[in-house]
Amino acid sequence: MEQHAEVLIGRTWPQRVPGWRDLIAIALVIAIVVLLGSGARQMIAPLVASRGATISLSPAALPNYALRTTLRMLAALLASLIFTFLYATPAAKSRRAETVLIPLLDVLQSVPVLGYLSFTVVFFVSLFPRSWLGPELAAIFAIFTAQAWNMTFSLYQSLITTPTDLIEASRSFRFSGWQRFWCLEVPFAMPGLIWNMMMSMSGGWFFVVASEAISVGAFQVALPGIGSYVALAIQQRSLAAIGWAIIAMTVAILIYDQLLFRPLVAWADKFRFEQTAAQVVPRSWVLDLFRQAPLMKFVTAPLGSGVQAAARARLALPRRPAWLVPLIPSRPIADVAWYGMAAALIAYATTRLVQFARPELTWADVKIATDNGLLTLARVVILIILATMVWVPIGVAVGLRPRVASKVQPVAQFLAAFPANLLFPVAVYVIVTFRLAPKIWLSPLMILGTQWYILFNVIAGASAFPGDLREAAASFRIRGWRWWREVMLPGIFPYYVTGAITASGGAWNASIVSEAVYWGSTRINGGGLGAYIAQMTEAGDYPRIALGIAVMSVFVISMNRLIWRPFYAFAERRTRLD
Amino acid sequence: MPSQNAERGLIERRSRAAPSGDRVLEMREVHKGFAKPSGEPLPVLADINLAIAEGEILGLLGRSGSGKSTLLRIAGGLIKPSSGTVLYRGKPLLEPAAGIAVVFQSFALFPWLTVEENVEAGLDAIGLAKAEARRRTQSAIELIGLDGFQSAYPRELSGGMRQRVGFARAMVVEPVLLLMDEPFSALDVLTAESLRTDFMDLWIERQLPTKSVLIVTHNIDEAVMMCDRILVLSSNPGRIAAEIPVPLAHPRDRQDSEFRRIVDEIYSILTSRTTESLSAGNHARGPFAHPLPLVTVNRLMGFIDTLAQAPYNGQAELAEIAEAFSLDVGALFAIAEALHMLEFAELKESAIKITAAGRLLTQSDTEERKRLFREHLLRFVPLAAHIHHVLSEREDHRAPRERFELELEDHLNPGDAEKSLLAAIGWGRYAELFEYDDDARIFALIGSNSESAL
Ligand SMILES: Nc1ncnc2c1ncn2[C@@H]1O[C@H](COP(=O)(O)OP(=O)(O)OP(=O)(O)O)[C@@H](O)[C@H]1O
Ligand SMILES: [Mg+2]
């Protein structure tokens, strides 16, 4: 620890003179503010006459594009965060709201991201017809739909599992609801929430092409950003431009990871609930910089204590006045009213949907969509099995070697965050050149991005595998297949299941962008439900888009209920040692 | 320095002569039931009438599941009784009150706050001026002996220091009534002793703002060491079975004969409650009305083997043997009750005595032990006999766990039902009466040639 002396000195003489850390910190802050400001100004600029904004394939344009794209993602992340708080809180606090909101969230997250885009883009554009703001909002909304749901689930999950003894302690100290929320429940939820924000950010990148180069039926618009750049590169068959885009995106991901997520993770480490000291404390040079720069501390300290004061203010709701109490309906009556209302709303929505679909759709359509769904299902299952066979042995081999694991793990996490669809054009180029069968060779693209979740969860599982069990197995000379079946596989099973659930969900989502792809004007179609939805979106055939989305939702939800949930329950029960 | 605090007037000095008789908290006809899965209420506490006087420490003893924690939560306003009234300083207590603080067995500290912030959090609801809050926090920290640890996070502290934070956090609100739910039971023996001694010193020297204390404990010695009065709770539902005054001056001496007499008295009260409820359970309310104590066969065998040998030679005072094994009452009575049920030993007053069958058991080899255990299990443990009977009746000699669970939950609360079933599984497996597959959650007779589900 070479900083030790400085830290000590800093403590005895709280110096207020700006040091070199301040200079860096200030430069960092100003740079970020200026960049974000200029990006935002461009966003609300008036719409220039022609809709097809001129996207340049010059690498020099890329930094600006990367900035704009990142800004959209951050805006969407902020929106997701707000949504998360507004949605998860009532779901966790009110039994009645829960019974409606949670199943709804399950459906919302099973709808493929592009499904939302096709239905909402026209609405957003009509909101601000004369400015870029309309398409911008549509794109941000599309990214939002890729980010929000898992964050919401995470907060809900934390809120309902807040340890009861802490709740009782806060009640016995007579915290108000506001205090309890901010001083107990949110801190408890923080690590999960931040982890899910990082996952969401990766998820957002994946749809960046589709959400920036919007094309629904006759409506086409390209927002300046990496997504549009890639779309244009595909159109013009420029492999070089795609290479530049990959580089730009890698840099962008690395930068916001260092500037935003690392500091967040390092900061949120104190909210970890386990009472044991962590082996590896996450660190961030940015956070250290801001914590140690004296001037910055001087500036941020009042801010910090302001936030604290707000969180700790009572803000209790006034008591219910006595005269109101008899007017509040009794529980069963309120229940009947609430569920009646929910049922009526569902009935209304269903009749509207039927009215909308009836004249257009026939049973034959349903059959086509279902058949396509089965094809995609087969792909997902086969790919998960293949990925398992490849990555489980590798993950175990890596996880059992701590030195290797500490190097491989960040790479695996980065690969999971990297938008694999940027590599699609390369794959398509190969398929076209070598005339490979698209039905088969397009399939691996679905899992290109999400297989890493299996890898890094298995690595985590193998690293956490108790050393004494390994030694016991060695001393009984359990080897070969028996070692896998009796020792290692049961040990990593819960971790594997967690990774596989994420991978399979991601694969379904990816099917829309990977089952039908372009290279210039060449279109290759591998069939399947994703290709079906993509095709209908291009044609602007709304009833069939809706049908495709509905079928996909049903597939995803059934797979979760019938396969993953029992697996997960089994893993929890079987591998507990108490 | 504690005395300085007292002079600053933060902590009020007052006489700790005999309890003054002013009632800080009173419960009248308190009942509490929790809803069973089927919806009907299951009584946990019944006919609770008690008063906590100013200046006294009141102890609460009873076996696991007798409702001690529930009673304490009611006293803290954290849960409402199903019927009856709770008065705090003469006024009905409907929610947590300003003058009542709780110390938790699990400490219940906020892991993301430092020691200082944790203590100050106790003041958040009061809305003191910042300077005043700081001052009170600081003096509570000094009083409880946490000085120097202000900026540490709970995860950096040992269990003992964590519980000190728990105490400081409770003390900072200057509570009139302090409620403690097994505050020392998560600590090792030495740490518990030092924390208890420190607390008692502060109490005796009247350095605490607190007027009365209600403490739940599993440790009879601890109760007699600290309390002015001890209530013993019976189970199913919990009622106040006995009240034992402890008229000894502080500091108390464990070796003192009067101290020993009170400890023995409490043991014999607990013993008679246990044997009574066992025989009442067998006769009045059907075979399942009494939950099985969750004890492993290993513990039973270890206990009875020791009991049979010198220096006990088949008979021991409970207090003595508890100390020898360093068992708390909960664990001790679970073992004693199981042996009593199985008729390998007999509980009488404050002693446990081996029976002829028990003697035989200790002299047998493994196979013979199993046979004897199986015989007694079938004869004296209705649940085990019932499971065996059902399995024998069935054609495939298999039955799902759920079947027995539902049956048990008609008589017991879900926690006790689960524990009873677990105990029966452990004993039945040892006795080779039946086997149980936890993956499929199925019971089967041994040798019914059951291919397991996976
Ligand atoms: N919220 C609840 N819902 C249903 N049953 C409950 C609830 N809380 C407690 N019980 C049941 O009430 C009974 C009494 O519980 P309590 O925790 O008060 O016992 P205790 O005497 O403190 O036990 P221990 O010594 O193990 O701490 C238990 O059988 C428990 O299963
Ligand atoms: Mg308890």
Side-chain angles (χ1 to χ4, degrees), chain A residues 11 162-191 267-279 281 304-305 308-316 319 485 490 566 569-578, chain B residues 69 72-73 75-79 94-114 117-127 130 133 151-159 162 165-166 169-170 172-173 175 177-179 181 186 438-441 453-454:
Chain A
R11 273 197 190 163
T162 311
T164 38
D165 58 341
L166 288 188
I167 292 181
E168 284 197 334
S170 67
R171 284 187 55 214
S172 96
F173 291 121
R174 298 177 306 131
F175 279 15
S176 64
W178 173 269
Q179 283 172 322
R180 183 164 119 197
F181 188 67
W182 292 108
C183 298
L184 168 58
E185 290 164 340
V186 171
F188 178 71
M190 197 62 89
W267 169 75
D269 185 54
K270 70 171 175 176
F271 298 114
R272 244 179 348 112
F273 189 69
E274 301 90 68
Q275 291 278 338
T276 50
Q279 294 91 351
V281 179
S305 59
Q308 262 205 10
R312 286 163 68 169
R314 275 193 71 71
L315 290 186
R319 268 163 194 286
R485 211 191 48 200
F570 175 74
E572 286 236 296
R573 203 148 48 83
R574 180 64 180 274
T575 47
R576 240 183 14 211
L577 252 181
D578 46 33
Chain B
S69 299
L72 184 118
R73 280 172 174 69
L78 290 168
I79 51 179
L94 303 173
E95 55 182 10
I100 304 180
V102 184
V103 174
F104 295 85
Q105 176 181 12
S106 60
F107 320 138
L109 303 177
F110 300 108
W112 44 85
L113 300 183
T114 61
E117 290 164 339
N118 258 300
V119 175
E120 212 178 320
L123 292 172
D124 273 355
I126 301 178
K130 201 159 170 83
S151 56
Y153 284 96
R155 72 174 108 250
E156 303 171 59
L157 302 178
S158 65
R162 285 183 202 171
V165 182
R169 186 177 64 175
V172 79
V173 300
L177 174 62
L178 183 65
L179 306 175
D181 192 355
D438 194 46
D439 286 334
R441 298 171 82 76
L454 280 166

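Given the structure is predicted, the values throughout are model-derived calculations rather than measurements. Here is the naming used below: chain letters follow the sequence lines, and residue numbers restart at 1 for every chain.
- The contact between B:R73 and chain A is made entirely by side chain atoms (from C-beta outward), counting heavy-atom distances below 4.5 Å.
- Atom-to-atom distance recorded for B:L78:CG and A:I167:CD1 is 11.5 Å, nearest 0.5 angstrom.
- In this structure, B:F110 and A:F175 have parallel ring planes: the angle between them is below the 30° cut-off, well short of the 60° mark.
- Judged by distance alone, with hydrogens and angles left aside, the side-chain atoms of B:R169 form no donor-acceptor pair with the main-chain N or O of B:G122 at under 3.5 Å.
- None of B:V173, B:V165, B:L109 except one satisfies the side-chain contact (heavy atoms from CB on, under 4.5 Å) rule with B:V119; the exception is B:V165.
- Ranked by non-hydrogen atom pairs under 4.5 Å with chain A, the options B:A98, B:G77, B:A101, B:A121 are led by B:A98.
- With a threshold of 4.5 angstrom between heavy atoms, B:I100 approaches chain A through N, CA, C or O but not through any side-chain atom.
- Only the backbone of B:A97 comes within less than 4.5 Å of a heavy atom in chain A; its side chain stays farther off.
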